[in-house]
Amino acid sequence: MAADGQCSLPASWRPVTLTHVEYPTGDLSGHLLAYLSLSPVFVIVGFVTLIIFKRELHTISFLGGLALNEGVNWLIKHVVQEPRPCGAVGTKYGMPSSHSQFMWFFSVYSFLFLYLRMHQTNNARFLDLLWRHVLSLGLLTAAFLVSYSRVYLLYHTWSQVLYGGVAGSLMAIAWFIFTQEVLTPLFPRIAAWPISEFFLIRDTSLIPNVLWFEYTVTRAEARNRQRKLGTKLQ
């Protein structure tokens, strides 16, 4: 034990950090873009949360597509073997950008899901359509900003984020078609498996608007239980 007034410390200390994203000191734009480039982490956390609490097969399939997309990105990087610009930290290769490919997969798949999977009736209200347009524009804007952040922070070149965006978009279209044409018809059978019933995994493929369905069913059940409770208290 060190004597009073003395302490033995290592020569250097390092702060605890959850990321390795760097930005120029004093650059406010770079600071904001560095946080924005962490969007894939937030997306994954959101997916895990949704799967734990919703346990819906399409959400699980969506996450599986993202994982496959990352695998394809790793494969392309090690085939092309194009280095990052300016000796940037991170993985050795930078073609294509994994951040760009991830975000464009997520945004394009979500875009297709909003406009093709969530069917609207002919008498759809204006606000029902407006929120889709706003959300789609927000998703595409986020994908562009994340791609731009990788160039701004010198982790990638423009060509690397461009090819990443193209690869992610094509993967999203292919996975959406595969999910709709191959996986969706199998979802009812998968949901009926004993292990799926044990983990409460469900299939909502035939429900056009899950959010509206859950709202109306929950509200009706709450009112029904309230009436029964009121009857017992009388």
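We're numbering straight along the sequence, starting at 1.
- Ring geometry for Tyr109 versus Phe176: interplanar angle over 60°, hence perpendicular rather than tilted (30 to 60°).
- Here the CD1-CG distance, from Ile60 to Leu183, works out to 11.5 Å after rounding to the nearest 0.5 Å.
- Residue Trp158 qualifies as enclosed at atom CH2: its count of foreign heavy atoms under 6.0 Å is above 12.
- A 6.0 Å sphere centred on CG of Leu200 holds more than 12 heavy atoms belonging to other residues, nucleotides or ligands.
- No single ILVMFWY cluster, assembled from side-chain heavy atoms under 4.5 Å apart, contains both Leu140 and Leu162.
- In this structure, Leu170 is not a member of the same hydrophobic cluster as Phe62, with clusters built from ILVMFWY side-chain heavy atoms closer than 4.5 Å.
- Below 30°, between 30° and 60°, or above 60°: for Phe111 and Tyr115 the angle between ring planes is between 30° and 60°, a tilted geometry.
- A ring-centre distance under 6.0 Å is found for Phe113 and His58.
- The number of heavy-atom neighbours closer than 6.0 Å to CZ of Arg189, taken from other residues, nucleotides and ligands shown, is 12 or below.
- Contact check for Phe187 versus Ser61: side-chain heavy atoms found under the 4.5 Å cut-off.
- Considering all non-hydrogen atoms of both residues, Ser37 and Ala34 come closest at OG-O, 2.6 Å.
- Counting all heavy atoms, side chain and backbone alike, Leu36 lies closest to Leu145 at CD2-CB, 3.2 Å.
- Under the 4.5 Å side-chain heavy-atom criterion for Ile, Leu, Val, Met, Phe, Trp and Tyr, Ile177 and Val72 are members of the same hydrophobic cluster.
- Under the 4.5 Å side-chain heavy-atom criterion for ILVMFWY residues, a single connected hydrophobic cluster contains both Phe199 and Leu186.
- Hydrophobic clustering keeps Ile44 apart from Trp74 (ILVMFWY residues linked when any side-chain heavy atoms are closer than 4.5 Å, directly or through intermediates).
- Counting only heavy atoms from C-beta outward, the side chains of Ser147 and His99 never approach each other to under 4.5 Å.
- Note: Tyr148 and Tyr152 have tilted aromatic rings, judged against thresholds of 30 and 60 degrees for the angle between ring planes.
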